[in-house]
Amino acid sequence: MTSAKTPAITLTIAGSEATGGAGAQADLKTFQELGTFGIVALTCIVSFDPKDNWNHRFVPVETQVIADQIEATFSNYGPELLDTVKLGMMGSPATISTVSAALQERQPKNLVLDPVLICKGQEPGHALDTDNALKAELLPKATFVTPNHFETEQLSGMTVESVEDLKAAAVEIHRISGAAVLAKGGVRLAGSEAVDVFVDAHGMEVLSAPKIGEHAVSGAGCSLAAAVAAELAKGATPLDAARRAKAFVTEGIKQRVAGNTPFDALWQGGLRP
Ligand code: PXL
């Protein structure tokens with residue numbers, strides 16, 4: 001039974017990051033904060049190693065178990081109830097193929113891809129395979145993609161050193177994927193503003209906010225993509241979803257949480273009154 005008050009439903013297919021800053025934890029907190037009913041299908045478990053410079057200890061979830069989680073969720077909520085899926089860290093080509101096959105059947109209206117490419121501590125050969133699989137199997141299915149600076153360079157094949165470069169690369173990623181693109185300059189581009197470039201079939205918009213420090217904050221990318229997914233699920237246009245997600249992340253970075261890792265974590269409650 002549903003009622004007029006039933007919230008929009010959002011599923012994230014993502015990894016756990018044990019300290020709670022990034023990954024599925026950030027996605028779920030973002031969904032809750034923005035008023036959607038959040039669901040997780042877990043792809044892997046990442047535990048930073050304090051004895052090894054906080055590098056990632058990475059354990060994949062068995063592909064059958066990933067498929068089972070998605071089957072349970074899609075069977076419980078039909079496409080009319082659950083039409084928005086966010087993809088976070090996949091971590092291996094086998095996981096990508098499993099997720100891709102599950103999405104092929106369902107074809108969600110909104111598929112927000114956070115193209116998490118390299119994970120610290122992963123073996124480079126394996127990481128390259130994963131990047132290629134992501135580009136071949138998931139990027140073409142995405143309706144919205146949120147690459148950071150590094151991922152923007154990788155997906156576009158272009159070097160990004162300025163806002164003009166970021167614009168050109170975002171246009172290229174839109175061209176090859178057909179998806180709406182929110183390419184994030186973040187703290188990687190010089191200047192006092194954190195600049196992101198949005199491109200879709202209707203055109204381009206530069207989203208800018210004063211930088212809050214010069215250090216990347218854990219969970220910012222995950223929370224941004226999850227916020228885009230939540231806003232799309234509630235009916236926003238891609239551009240409005242991008243604008244609201246940027247505001248959500250900017251406030252969350254202002255109220256970040258510091259622990260012993262060299263990076264702070266975003267607080268999803270930043271927009272609360
Ligand atoms: O921020 C990217 C990211 C996504 N998902 C998981 C992670 C990380 C980074 O640490 O651990 C599970």
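Order of listing sets the numbers, starting from 1, for every ligand and every atom in it. The figures that follow rest on heavy atoms only: side chains count, while hydrogens, waters and symmetry mates do not.
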### Task
Provide the full list of salt bridge (charged side-chain N to carboxylate O under 4.0 Å, His left out) pairs with a residue in residues 261-273, sequence neighbours left out, each pair given once.
E33-R272, R256-D264
### Task
Compute whether any side-chain donor of one residue and acceptor of the other, for T95 and T98, lie under 3.5 angstrom apart.
no
### Query
Can a donor-acceptor pair be found between the side chains of T146 and D114 at a distance below 3.5 Å?
yes
### Residues which pass ring pair (Phe, Tyr, Trp, His ring centres under 6.0 Å) with F48, listed by chain and number, not counting sequence neighbours
H56, F263
So if I count the atoms of ligand 1 from 1 in the order they appear, which ones are less than 4.0 Å from some heavy atom of [X]?
X	result
H56	9 (C), 10 (O)
G23	5 (N), 6 (C)
S16	12 (C)
F48	10 (O)

### Message
Consider side chain to side chain contact (heavy atoms under 4.5 Å, CB included). Of V187, V160, D165, which one does H149 pass it with?
### Response
V160
### Options A14, A225, G15, ranked by nearest heavy atom to atom 12 (C) of ligand 1, top entry
G15
### Query
Are any of the heavy atoms in C222 under 4.0 Å away from ligand 1?
yes
